[in-house]
Asker: 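One structure, pasted below without further comment.
Whatever order the structure lists them in is the order used to number ligands and atoms, beginning at 1. If you read the sequence from its start, that first residue is 1, and numbering goes on from there.
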Amino acid sequence: MSELVFFCGTMDCGKSTLALQIEHNRSARGLQGMIFTRNDRAGEGKLSSRLGLVTDAVEVAADFDVYAHLISVLSQGSRADYVIADEAQFLSPEQIDQLARVVDDLRIDVYAFGITTDFRSKLFPGSQRLVELADRVEVLQVEALCWCGARATHNARTIGGRMVVEGAQVVVGDVNQAADEVGYEVLCRRHHRRRATAATARAGALSPDVLPVDSPAVN
Ligand SMILES: Nc1ncnc2c1ncn2[C@@H]1O[C@H](COP(=O)(O)OP(=O)(O)O)[C@@H](O)[C@H]1O
Ligand SMILES: Cc1cn([C@H]2C[C@H](O)[C@@H](COP(=O)(O)O)O2)c(=O)[nH]c1=O
């Protein structure tokens with residue numbers, strides 16, 4: 001049975017690396033993949049990982065019909081044995097429905113990769129639809145860590161190292177940006193709720209985190 005799998009996690013947890021590994025392993029066995037992405041940091045039509053690997057991909061514009069594209073490719077005699085969709089949080093719910101149709105009607109496996117929630121810890125519409133439709137949701141097992149050492153579960157947007165909660169949902173960017181730039185940082189839920197980034201913690205801006213561990217909890 002073909003399936004729609006949603007591989008998810010925070011930023012910087014290895015999603016694109018896994019996408020490239022799946023692509024490598026299948027193409028090494030003679031299978032032909034169709035790779036989609038949207039808004040990769042490496043530029044249009046690229047799927048890139050922080051480990052330095054990059055491959056060409058089809059850029060999914062806002063009005064792009066993923067299902068129709070597959071039909072067109074197949075009807076021209078090309079093969080598509082599996083589909084990879086990276087940065088799937090940026091796809092529209094309609095495009096996620098098209099991916100599900102690729103699985104059900106064309107019997108092609110679809111592997112989608114993306115972050116579930118934005119910098120305000122709200123679901124991206126594309127990720128919400130994936131959670132609703134996927135046969136399997138796999139949370140990546142390589143833990144990204146919060147500055148405190150706990151497992152990072154949330155994505156923070158930062159300006160000058162400080163977490164912000166206002167702004168557009170989509171702003172392409174990266175972790176470990178220069179101090180004065182818009183960037184991202186992965187945090188545990190506790191520190192995301194408190195807006196406590198590595199920089200503000202270093203500056204000692206939030207006293208509860210520097211109190212002894214047996215101090216009463218402060219929210
Ligand atoms: N210099 C490095 N050495 C080893 N691993 C690294 C290095 N840089 C990045 N990584 C690994 O790559 C992961 C990020 O991979 P990537 O596929 O770009 O993440 P995602 O697509 O989830 O944002 C990091 O969590 C880390 O495990
Ligand atoms: C949290 C959050 C992230 N983004 C952007 C930033 C990056 O360009 C991608 C995530 O890429 P990664 O490969 O998973 O690191 O998403 C955004 O636009 N809005 C957000 O709230």
Asker: Using a 4.0 Å heavy-atom cut-off, say whether Asp118 meets ligand 2 through its side chain, its backbone, both or neither.
Answerer: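 Both of them.
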
Asker: Only heavy atoms of Val171, strictly under 4.0 Å: list the atoms of ligand 2 that pass.
Answerer: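 This gives 4 (N), 5 (C), 6 (C), 17 (C), 18 (O) as the contact atoms.
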
Asker: In ligand 2, which numbered atoms sit nearer than 4.0 Å to a non-hydrogen atom of Val170?
Answerer: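 What qualifies from ligand 2 is 18 (O).
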
Asker: How long is the straight-line distance from CD of Gln177 back to CD of Glu185, given to the nearest 0.5 Å?
Answerer: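 Rounded to the nearest 0.5 Å, the CD-CD separation comes to 12.0 Å.
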
Asker: What distance separates Leu47 CG from Ser16 OG, expressed to the nearest 0.5 Å?
Answerer: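 Answer rounded to 0.5 Å: 5.0 Å.
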
Asker: Which of parallel (below 30°), tilted (30 to 60°) and perpendicular (above 60°) describes His69 and Phe36?
Answerer: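 Because their plane-to-plane angle is over 60°, the rings of His69 and Phe36 count as perpendicular.
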
Asker: Assess Arg120 for proximity to ligand 2: is some non-hydrogen atom of it under 4.0 Å away?
Answerer: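 Arg120: no contact with ligand 2 (<4.0 Å).
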
Asker: Under 4.0 Å from a heavy atom of Lys15: which atoms of ligand 2 are those, numbered in the order shown and with their elements?
Answerer: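 The list of qualifying atoms is 14 (O).
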
Asker: Please confirm whether Gly9 comes under 4.0 Å of ligand 1, counting heavy atoms of the residue only.
Answerer: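 It does not, in that no heavy atom of Gly9 comes within the 4.0 Å cut-off of ligand 1.
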
Asker: Does Tyr111 have any ring-ring contact (aromatic ring centres under 6.0 Å, His included) partners at least two apart in sequence or in another chain, and if so, which?
Answerer: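 Once residues adjacent in sequence are excluded, Tyr111 has no partner under the ring-ring contact (aromatic ring centres under 6.0 Å, His included) criterion.
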
Asker: Under 4.0 Å and counting heavy atoms only, is there anything from the protein next to atom 7 (C) of ligand 1?
Answerer: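 Protein heavy atoms within 4.0 Å of atom 7 (C) of ligand 1 - there is at least one.
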
Asker: Could you tell me whether some N/O pair between Arg41 and ligand 2 is separated by less than 3.5 angstrom?
Answerer: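 There is such a contact, yes.
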
Asker: Below 4.0 angstrom from a heavy atom of Gly173, which ligand 2 atoms are there? Numbered from 1 as shown, please.
Answerer: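 Result: 6 (C), 7 (C), 8 (O).
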
Asker: If hydrogens are left out, which of Val186, Thr10, Asp12, Thr17 has an atom nearest to atom 16 (P) of ligand 1, that is, the closest non-hydrogen atom?
Answerer: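 Of the listed residues, Thr17 has the closest heavy atom.
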
Asker: State plainly whether one hydrophobic cluster holds both Val54 and Leu51, where clusters connect Ile, Leu, Val, Met, Phe, Trp and Tyr through side-chain heavy atoms under 4.5 angstrom apart.
Answerer: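 No, Val54 does not connect to Leu51 through the hydrophobic network.
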
Asker: Just let me know how Arg50 lines up against ligand 2, side chain, backbone, both or neither, with a heavy-atom cut-off below 4.0 Å.
Answerer: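 Answer for Arg50: side chain.
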
Asker: Answer yes or no: does an N/O atom from Cys13 fall short of 3.5 Å to an N/O atom of ligand 1?
Answerer: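 Yes; at least one N/O pair falls below 3.5 Å.
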
Asker: Looking only at distances, can you tell me whether any N or O atom of Val142, backbone or side chain, sits closer than 3.5 Å to an N or O atom of ligand 1?
Answerer: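 So ligand 1 has no N or O lying under 3.5 Å from an N or O of Val142.
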
Asker: Near Phe119, which atoms of ligand 2 are under 4.0 Å from a heavy atom of that residue?
Answerer: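 Ligand 2 atoms under the 4.0 Å threshold to Phe119: 1 (C), 20 (C), 21 (O).
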
Asker: Within a 6.0 Å radius of atom CZ on Arg189, are there more than 12 heavy atoms belonging to other residues, nucleotides or ligands?
Answerer: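 Counting other residues, nucleotides and ligands, CZ of Arg189 stays at 12 neighbours or fewer.
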
Asker: Using a 4.0 Å cut-off to any heavy atom of Gln89, which atoms of ligand 2 qualify?
Answerer: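 Atoms satisfying the 4.0 Å criterion: 9 (C), 10 (C), 16 (O).
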
Asker: Can you tell me which residue among Ile108, Val110, Val103 is in a side chain to side chain contact (heavy atoms under 4.5 Å, CB included) with Leu106?
Answerer: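 With Leu106 as partner, side chain to side chain contact (heavy atoms under 4.5 Å, CB included) holds for just one option, Ile108.
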
Asker: Minimum distance, heavy atoms only, to atom 20 (P) of ligand 1: which one of Glu143, Glu87, Met11, Arg50 is it?
Answerer: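 Checking each option, the heavy atom nearest atom 20 (P) of ligand 1 is found in Arg50.
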
Asker: Report the part of Arg157 (side chain from C-beta onward, or backbone N, CA, C, O) that has a heavy atom under 4.0 Å from ligand 2; answer both or neither where that applies.
Answerer: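 The answer is the side chain.
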
Asker: Find all atoms of ligand 2 within a distance of less than 4.0 Å from any non-hydrogen atom belonging to Phe124, and give their numbers and elements.
Answerer: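 Taking each heavy atom of Phe124 in turn, ligand 2 has 19 (N), 20 (C), 21 (O) under 4.0 Å.
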
Asker: Have a look at ligand 2 and work out which part of Val172, if any, has a heavy atom under 4.0 Å from it: side chain, backbone, both or neither.
Answerer: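 The part of Val172 near ligand 2 is both the backbone and the side chain.
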
Asker: Please answer whether the main-chain N or O of Glu23 pairs with a side-chain N or O of Ser27 as donor and acceptor at a distance below 3.5 Å.
Answerer: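 Side chain of Ser27 to backbone of Glu23, a donor-acceptor pair under 3.5 Å: yes, one is there.
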
Asker: Taking the side chain as everything from C-beta on, heavy atoms only, tell me whether Phe6 gets closer than 4.5 Å to Asp135.
Answerer: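 When only atoms from C-beta onward are counted, Asp135 and Phe6 do not touch, as no gap falls below 4.5 Å.
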
Asker: Which atoms of ligand 2 are found less than 4.0 Å from any heavy atom of Gln169?
Answerer: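 Answer, ordered by atom number: 17 (C), 18 (O), 19 (N), 20 (C), 21 (O).
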
Asker: Just distances here: any N/O of Glu87 and N/O of ligand 2 closer than 3.5 Å?
Answerer: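 For ligand 2, there is an N or O atom that lies under 3.5 Å from one belonging to Glu87.
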
Asker: Can you list the atoms of ligand 1 that are under 4.0 Å from a heavy atom of Ser49?
Answerer: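 Per the distance check, 17 (O), 18 (O).
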
Asker: Do Ser48 and Asp40 meet the criterion of a side-chain donor-acceptor pair at a distance under 3.5 Å?
Answerer: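 Asp40 and Ser48 do have a side-chain donor-acceptor pair below 3.5 Å.
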
Asker: Taking non-hydrogen atoms only, is Phe113 closer than 4.0 angstrom to ligand 2 via side chain, backbone, both or neither?
Answerer: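 It is neither; nothing of Phe113 touches ligand 2.
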
Asker: Considering only heavy atoms, does Asp86 approach ligand 1 within less than 4.0 Å through its side chain, its backbone, both, or neither?
Answerer: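 Under 4.0 Å from ligand 1, Asp86 contributes no heavy atoms.
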
Asker: Nearest 0.5 Å please: distance from the CG atom of Leu140 over to the CZ atom of Phe113.
Answerer: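 So the gap between those two atoms works out to 8.0 Å.
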
